[in-house]
Amino acid sequence: MNTHATDVPMVRAEGVSKSYGSNLVLKSISLEVQRGEVLCLVGPSGSGKSTFLRCINHLETVNAGRLFVDGEIVGYRQKDDKLYEMHAHEAAKQRRDIGMVFQRFNLFPHMTALENVMLAPSLLKKGGRAALKARSLELLARVGLADRYDYYPAHLSGGQQQRVAIARALAMEPKLMLFDEPTSALDPELVGEVLDVMKGLAESGMTMIVVTHEMGFAREVADVLAFMDGGVVVEAGDPAEVLSNPQRERTRAFLSKVL
(Lines give C-alpha, C1' and ligand atoms only; values in the text may rest on other atoms or scores of the structure.)
Protein backbone atom coordinates (compact mmCIF):
# COMPACT_ATOMS: atom_id res chain seq x y z
CA MET A 1 0.00 0.00 0.00
CA ASN A 2 1.37 3.39 -0.94
CA THR A 3 1.88 5.50 2.14
CA HIS A 4 3.70 8.35 0.43
CA ALA A 5 2.17 11.76 -0.07
CA THR A 6 0.67 12.14 -3.50
CA ASP A 7 2.71 15.30 -4.14
CA VAL A 8 5.95 13.26 -4.05
CA PRO A 9 7.11 12.70 -7.65
CA MET A 10 6.90 9.07 -8.77
CA VAL A 11 10.45 9.38 -10.13
CA ARG A 12 13.11 11.89 -9.19
CA ALA A 13 16.65 11.84 -10.54
CA GLU A 14 19.22 14.08 -8.87
CA GLY A 15 22.52 14.47 -10.70
CA VAL A 16 22.58 10.86 -11.89
CA SER A 17 25.81 9.81 -13.58
CA LYS A 18 26.86 6.43 -14.89
CA SER A 19 30.09 5.32 -16.49
CA TYR A 20 31.53 2.11 -17.88
CA GLY A 21 35.25 2.47 -17.33
CA SER A 22 36.24 5.79 -18.85
CA ASN A 23 33.04 6.00 -20.91
CA LEU A 24 30.65 8.43 -19.19
CA VAL A 25 27.20 7.34 -20.38
CA LEU A 26 25.02 9.53 -18.14
CA LYS A 27 26.20 13.00 -17.12
CA SER A 28 24.41 14.40 -14.10
CA ILE A 29 20.81 13.77 -15.19
CA SER A 30 18.17 15.56 -13.12
CA LEU A 31 14.45 15.25 -13.86
CA GLU A 32 11.11 14.40 -12.29
CA VAL A 33 8.11 12.37 -13.39
CA GLN A 34 4.86 13.06 -11.54
CA ARG A 35 2.25 10.42 -10.69
CA GLY A 36 0.16 9.50 -13.70
CA GLU A 37 2.54 11.21 -16.12
CA VAL A 38 4.02 9.70 -19.26
CA LEU A 39 7.61 10.71 -20.03
CA CYS A 40 8.96 9.78 -23.46
CA LEU A 41 12.73 9.71 -23.91
CA VAL A 42 13.95 10.17 -27.46
CA GLY A 43 17.37 10.57 -28.99
CA PRO A 44 20.01 8.82 -31.07
CA SER A 45 21.34 5.36 -30.22
CA GLY A 46 24.01 5.52 -27.55
CA SER A 47 22.63 8.68 -25.94
CA GLY A 48 22.05 6.97 -22.56
CA LYS A 49 18.27 6.52 -22.69
CA SER A 50 18.19 2.78 -22.01
CA THR A 51 20.95 3.02 -19.41
CA PHE A 52 18.94 5.65 -17.53
CA LEU A 53 15.89 3.40 -17.64
CA ARG A 54 17.89 0.46 -16.27
CA CYS A 55 19.24 2.63 -13.45
CA ILE A 56 15.68 3.46 -12.34
CA ASN A 57 15.05 -0.14 -11.34
CA HIS A 58 18.64 -0.80 -10.28
CA LEU A 59 19.49 -3.17 -13.12
CA GLU A 60 22.45 -0.80 -13.41
CA THR A 61 24.09 0.97 -10.47
CA VAL A 62 24.70 4.71 -10.64
CA ASN A 63 28.18 6.15 -10.03
CA ALA A 64 26.94 9.49 -8.72
CA GLY A 65 23.68 11.16 -7.82
CA ARG A 66 20.46 9.62 -6.53
CA LEU A 67 17.32 8.11 -7.97
CA PHE A 68 14.06 7.99 -6.06
CA VAL A 69 10.89 6.05 -6.92
CA ASP A 70 7.82 7.04 -4.92
CA GLY A 71 10.01 8.89 -2.42
CA GLU A 72 12.34 5.95 -1.74
CA ILE A 73 15.94 5.90 -2.87
CA VAL A 74 16.51 3.15 -5.45
CA GLY A 75 18.98 0.38 -4.69
CA TYR A 76 20.48 1.92 -1.55
CA ARG A 77 19.79 2.44 2.13
CA GLN A 78 20.77 5.73 3.66
CA LYS A 79 22.35 5.78 7.10
CA ASP A 80 23.33 9.21 8.38
CA ASP A 81 24.91 10.83 5.29
CA LYS A 82 26.16 7.61 3.73
CA LEU A 83 24.54 5.35 1.16
CA TYR A 84 24.89 1.57 1.35
CA GLU A 85 23.96 -0.60 -1.61
CA MET A 86 21.09 -2.96 -0.85
CA HIS A 87 21.59 -6.72 -0.89
CA ALA A 88 20.38 -8.31 -4.11
CA HIS A 89 17.23 -9.70 -2.49
CA GLU A 90 16.33 -6.26 -1.07
CA ALA A 91 16.80 -4.63 -4.47
CA ALA A 92 14.69 -7.36 -6.09
CA LYS A 93 11.92 -6.72 -3.58
CA GLN A 94 12.01 -3.00 -4.39
CA ARG A 95 11.99 -3.81 -8.11
CA ARG A 96 8.64 -5.60 -7.83
CA ASP A 97 6.90 -2.22 -7.81
CA ILE A 98 8.50 -1.30 -11.14
CA GLY A 99 7.34 -3.08 -14.28
CA MET A 100 9.74 -3.23 -17.21
CA VAL A 101 9.14 -4.18 -20.83
CA PHE A 102 12.21 -4.73 -23.00
CA GLN A 103 12.84 -4.65 -26.76
CA ARG A 104 12.93 -8.44 -26.77
CA PHE A 105 9.98 -10.13 -25.18
CA ASN A 106 11.95 -12.61 -23.02
CA LEU A 107 8.96 -14.92 -22.61
CA PHE A 108 9.59 -18.47 -21.40
CA PRO A 109 9.15 -20.55 -24.57
CA HIS A 110 7.95 -23.67 -22.72
CA MET A 111 5.10 -21.79 -21.01
CA THR A 112 1.79 -20.62 -22.45
CA ALA A 113 0.86 -16.94 -22.46
CA LEU A 114 -1.20 -17.50 -19.31
CA GLU A 115 1.62 -19.37 -17.54
CA ASN A 116 4.09 -16.59 -18.42
CA VAL A 117 1.78 -13.98 -16.87
CA MET A 118 1.06 -16.07 -13.77
CA LEU A 119 4.65 -17.07 -13.03
CA ALA A 120 6.05 -14.14 -11.00
CA PRO A 121 3.01 -13.50 -8.79
CA SER A 122 2.64 -17.25 -8.13
CA LEU A 123 6.30 -17.50 -7.05
CA LEU A 124 5.67 -14.62 -4.66
CA LYS A 125 2.42 -16.24 -3.50
CA LYS A 126 0.34 -13.19 -4.37
CA GLY A 127 -3.06 -14.83 -3.81
CA GLY A 128 -4.47 -18.31 -4.40
CA ARG A 129 -4.05 -20.06 -7.76
CA ALA A 130 -7.67 -19.59 -8.85
CA ALA A 131 -7.56 -15.85 -8.11
CA LEU A 132 -4.18 -15.54 -9.84
CA LYS A 133 -5.48 -17.32 -12.92
CA ALA A 134 -8.56 -15.10 -13.06
CA ARG A 135 -6.43 -11.96 -12.68
CA SER A 136 -3.97 -13.14 -15.35
CA LEU A 137 -6.80 -13.88 -17.79
CA GLU A 138 -8.15 -10.37 -17.12
CA LEU A 139 -4.75 -8.91 -17.96
CA LEU A 140 -4.49 -10.91 -21.18
CA ALA A 141 -7.95 -9.62 -22.10
CA ARG A 142 -6.79 -6.10 -21.31
CA VAL A 143 -3.99 -6.41 -23.88
CA GLY A 144 -6.36 -7.98 -26.42
CA LEU A 145 -5.26 -11.60 -26.07
CA ALA A 146 -8.17 -13.27 -24.27
CA ASP A 147 -8.35 -15.86 -27.06
CA ARG A 148 -4.59 -16.62 -27.00
CA TYR A 149 -4.13 -17.50 -23.34
CA ASP A 150 -3.17 -21.13 -24.10
CA TYR A 151 -0.78 -20.33 -26.97
CA TYR A 152 2.96 -20.80 -26.62
CA PRO A 153 5.24 -17.89 -27.63
CA ALA A 154 6.35 -19.68 -30.83
CA HIS A 155 2.73 -19.55 -32.04
CA LEU A 156 2.29 -15.83 -31.33
CA SER A 157 3.38 -12.91 -33.51
CA GLY A 158 6.00 -10.51 -32.21
CA GLY A 159 3.32 -7.97 -31.38
CA GLN A 160 1.32 -10.57 -29.48
CA GLN A 161 4.42 -11.69 -27.56
CA GLN A 162 5.16 -8.11 -26.58
CA ARG A 163 1.58 -7.68 -25.36
CA VAL A 164 1.99 -10.82 -23.24
CA ALA A 165 5.17 -9.24 -21.84
CA ILE A 166 3.18 -6.12 -20.92
CA ALA A 167 0.51 -8.25 -19.21
CA ARG A 168 3.27 -10.10 -17.35
CA ALA A 169 4.70 -6.81 -16.06
CA LEU A 170 1.23 -5.64 -15.01
CA ALA A 171 0.65 -8.88 -13.07
CA MET A 172 2.93 -7.55 -10.33
CA GLU A 173 0.65 -4.50 -9.94
CA PRO A 174 3.49 -2.01 -10.44
CA LYS A 175 3.26 1.66 -9.53
CA LEU A 176 5.59 2.54 -12.43
CA MET A 177 6.07 1.04 -15.90
CA LEU A 178 9.30 1.34 -17.88
CA PHE A 179 9.36 0.59 -21.61
CA ASP A 180 12.69 0.22 -23.40
CA GLU A 181 11.97 0.64 -27.12
CA PRO A 182 9.11 -1.87 -26.89
CA THR A 183 8.30 -1.75 -30.62
CA SER A 184 11.78 -1.61 -32.16
CA ALA A 185 12.00 -5.40 -32.67
CA LEU A 186 8.57 -5.61 -34.32
CA ASP A 187 7.54 -5.68 -37.95
CA PRO A 188 6.05 -2.28 -38.84
CA GLU A 189 2.48 -3.59 -39.18
CA LEU A 190 2.59 -4.96 -35.61
CA VAL A 191 3.76 -1.74 -33.93
CA GLY A 192 0.28 -0.21 -33.68
CA GLU A 193 -1.23 -3.02 -31.61
CA VAL A 194 1.44 -2.61 -28.91
CA LEU A 195 1.22 1.20 -28.92
CA ASP A 196 -2.58 0.94 -28.53
CA VAL A 197 -2.14 -1.12 -25.37
CA MET A 198 0.35 1.45 -24.04
CA LYS A 199 -2.09 4.29 -24.82
CA GLY A 200 -4.74 2.45 -22.82
CA LEU A 201 -2.33 2.16 -19.88
CA ALA A 202 -1.59 5.89 -20.04
CA GLU A 203 -5.30 6.69 -20.12
CA SER A 204 -5.82 4.53 -17.02
CA GLY A 205 -3.36 6.74 -15.10
CA MET A 206 -0.28 4.49 -15.09
CA THR A 207 2.98 6.39 -14.60
CA MET A 208 5.21 5.47 -17.53
CA ILE A 209 8.69 6.21 -18.84
CA VAL A 210 9.05 5.16 -22.47
CA VAL A 211 12.23 5.05 -24.54
CA THR A 212 10.91 5.19 -28.08
CA HIS A 213 11.52 6.18 -31.69
CA GLU A 214 7.77 6.48 -32.29
CA MET A 215 7.37 10.24 -32.50
CA GLY A 216 3.64 10.07 -33.25
CA PHE A 217 3.09 8.11 -30.05
CA ALA A 218 5.23 10.57 -28.09
CA ARG A 219 3.27 13.52 -29.46
CA GLU A 220 -0.10 11.92 -28.71
CA VAL A 221 0.49 10.21 -25.37
CA ALA A 222 3.43 11.81 -23.55
CA ASP A 223 2.99 14.57 -20.99
CA VAL A 224 6.70 15.37 -21.26
CA LEU A 225 9.14 14.68 -24.08
CA ALA A 226 12.84 14.66 -23.24
CA PHE A 227 15.51 14.62 -25.94
CA MET A 228 18.75 12.99 -24.81
CA ASP A 229 22.13 13.08 -26.50
CA GLY A 230 25.60 12.34 -25.21
CA GLY A 231 24.35 11.35 -21.77
CA VAL A 232 22.50 14.59 -21.03
CA VAL A 233 18.93 15.83 -21.36
CA VAL A 234 19.38 18.45 -24.07
CA GLU A 235 15.78 19.65 -24.06
CA ALA A 236 12.52 18.67 -22.37
CA GLY A 237 8.98 19.99 -22.38
CA ASP A 238 5.52 19.67 -23.88
CA PRO A 239 5.82 17.12 -26.72
CA ALA A 240 4.00 19.21 -29.33
CA GLU A 241 6.18 22.20 -28.48
CA VAL A 242 9.47 20.31 -28.51
CA LEU A 243 8.61 18.51 -31.77
CA SER A 244 7.32 21.56 -33.63
CA ASN A 245 9.52 24.28 -32.14
CA PRO A 246 12.72 22.81 -30.67
CA GLN A 247 14.89 25.38 -28.93
CA ARG A 248 18.27 23.67 -29.23
CA GLU A 249 20.21 23.20 -32.44
CA ARG A 250 21.06 19.60 -31.53
CA THR A 251 17.35 18.80 -31.05
CA ARG A 252 16.52 20.42 -34.39
CA ALA A 253 19.21 18.38 -36.16
CA PHE A 254 17.92 15.11 -34.68
CA LEU A 255 14.25 15.81 -35.38
CA SER A 256 14.99 16.86 -38.96
CA LYS A 257 16.17 13.27 -39.57
CA VAL A 258 13.31 11.42 -37.85
CA LEU A 259 10.19 13.51 -38.50
Side-chain angles (χ1 to χ4, degrees), residues 6-14 16 26-57 67-69 98-103 159 162-163 166 169 174-186 188 190-259:
T6 53
D7 58 350
V8 173
M10 183 58 80
V11 179
R12 185 167 91 250
E14 297 178 349
V16 170
L26 299 176
K27 302 171 186 174
S28 197
I29 300 263
S30 294
L31 55 78
E32 289 187 354
V33 182
Q34 306 304 323
R35 283 162 208 285
E37 272 191 345
V38 178
L39 167 68
C40 279
L41 296 173
V42 302
S45 295
S47 58
K49 307 181 301 295
S50 295
T51 300
F52 179 61
L53 215 60
R54 292 172 65 84
C55 287
I56 292 172
N57 66 358
L67 268 165
F68 298 84
V69 171
I98 305 170
M100 187 152 183
V101 177
F102 300 88
Q103 291 181 39
Q162 191 62 294
R163 285 186 280 153
I166 293 172
K175 58 179 78 167
L176 169 67
M177 284 285 284
L178 308 176
F179 293 87
D180 189 7
E181 297 187 25
T183 60
S184 65
L186 300 178
L190 302 177
V191 168
E193 64 192 48
V194 174
L195 295 181
D196 284 344
V197 169
M198 293 169 65
K199 286 176 194 172
L201 282 180
E203 286 162 6
S204 75
M206 176 64 75
T207 311
M208 296 160 55
I209 302 179
V210 184
V211 172
T212 185
H213 296 293
E214 301 291 337
M215 296 300 165
F217 173 83
R219 184 191 296 270
E220 183 182 347
V221 179
D223 297 289
V224 179
L225 178 73
F227 168 65
M228 286 182 66
D229 188 37
V232 301
V233 175
V234 176
E235 187 166 348
D238 176 81
E241 185 67 21
V242 173
L243 291 172
S244 62
N245 188 27
Q247 299 301 299
R248 300 295 179 90
E249 179 55 43
R250 181 67 190 94
T251 317
R252 285 196 286 272
F254 173 75
L255 292 176
S256 72
K257 294 187 178 76
V258 300
L259 290 179

Chemist: Sequence neighbours excluded, which residues qualify as salt bridge (Lys or Arg N to Asp or Glu O under 4.0 Å) partners of D229?
Modeler: R250
Chemist: Can you tell me how far OG of S47 sits from CZ of F52, rounded to the nearest 0.5 angstrom?
Modeler: 12.0 Å
Chemist: Grab the two heavy atoms, one from L53 and one from F179, that are nearest each other, plus how far apart they are.
Modeler: CD2-O, 3.3 Å
Chemist: Among residues at least two apart in sequence or on other chains, which ones pass salt bridge (Lys or Arg N to Asp or Glu O under 4.0 Å) with K27?
Modeler: none
Chemist: Check each of V210, V211, L225 against V42 using the side-chain contact (heavy atoms from CB on, under 4.5 Å) test, and report the only one that passes.
Modeler: L225
Chemist: Quick one: list whatever passes salt bridge (Lys or Arg N to Asp or Glu O under 4.0 Å) with R12, sequence neighbours left out.
Modeler: E14
Chemist: Donor-acceptor pair, Q162 side chain versus P182 backbone, under 3.5 Å?
Modeler: yes
Chemist: Taking all non-hydrogen atoms of both residues, which atom of L186 and which atom of G159 are closest, and how far apart?
Modeler: CD2-N, 3.6 Å
Chemist: Are V221 and M208 side-chain neighbours, meaning at least one heavy-atom pair lies under 4.5 Å?
Modeler: no
Chemist: Taking salt bridge (charged side-chain N to carboxylate O under 4.0 Å, His left out) as the cut-off, I'd like each qualifying pair that reaches into residues 42-55, sequence neighbours left out, listed once.
Modeler: R54-E60
Chemist: What residue pairs, at least two apart or across chains, pass ring-ring contact (aromatic ring centres under 6.0 Å, His included) with a residue in residues 199-219?
Modeler: none
Chemist: Distance from I209 atom CD1 to M100 atom CE, nearest 0.5 Å?
Modeler: 10.0 Å
Chemist: Once you round to the nearest 0.5 Å, how far does CD of Q103 lie from CD of E181?
Modeler: 4.5 Å
Chemist: So which heavy atom on S50 is nearest to which on D180, and how close?
Modeler: OG-OD1, 2.6 Å
Chemist: What are the two closest heavy atoms between C55 and L26, and how far apart are they?
Modeler: SG-CD1, 4.1 Å
Chemist: Taking salt bridge (Lys or Arg N to Asp or Glu O under 4.0 Å) as the definition, give me every residue that meets it alongside E193, ordered by chain and number, with sequence neighbours left out.
Modeler: R163
Chemist: Distance-only check: which donor-acceptor pairs under 3.5 Å involve side-chain atoms of residues 230-244, not counting sequence neighbours?
Modeler:
| residue | atom | partner | partner atom | Å |
| --- | --- | --- | --- | --- |
| E235 | OE1 | Q247 | N | 3.2 |
| E235 | OE1 | R248 | N | 2.9 |
| E235 | OE1 | T251 | OG1 | 2.8 |
| E235 | OE2 | Q247 | N | 2.6 |
| D238 | OD2 | A240 | N | 3.2 |
| D238 | OD2 | E241 | N | 3.2 |
| E241 | OE2 | N245 | ND2 | 3.2 |
| S244 | OG | A240 | O | 2.6 |

Chemist: Can you sort out the partners of S30 under side chain to side chain donor-acceptor pair (under 3.5 Å), two or more places apart, ordered by chain and number?
Modeler: none
Chemist: Could you walk me through whether E37 and V11 pass the side chain to side chain contact (heavy atoms under 4.5 Å, CB included) test, one step at a time?
Modeler: CA-CA 10 Å; E37 272 191 345; V11 179; over 6 Å; no
Chemist: Let me see the working for D223 and Q34 under side chain to side chain contact (heavy atoms under 4.5 Å, CB included), right down to the final yes or no.
Modeler: CA-CA 10 Å; D223 297 289; Q34 306 304 323; over 6 Å; no
Chemist: Are the side chain of R219 and the backbone of E214 linked by a donor-acceptor contact shorter than 3.5 Å?
Modeler: no
Chemist: Is there a side-chain contact between V194 and I166 in this structure, where contact means two heavy atoms from C-beta onward sitting under 4.5 Å apart?
Modeler: yes
Chemist: Does anything in residues 227-259 form a ring-ring contact (aromatic ring centres under 6.0 Å, His included)? List the pairs, not counting sequence neighbours.
Modeler: F227-F254
Chemist: Where is the tightest heavy-atom contact between R35 and M10, given as atom of each residue plus distance?
Modeler: NH1-CE, 3.5 Å
Chemist: Show every side chain to side chain donor-acceptor pair (under 3.5 Å) that has at least one partner inside residues 195-207, sequence neighbours left out.
Modeler: R142-S204, K199-E220
Chemist: Indicate yes or no: at least one non-hydrogen side-chain atom of V224 is less than 4.5 angstrom from one of L31.
Modeler: no
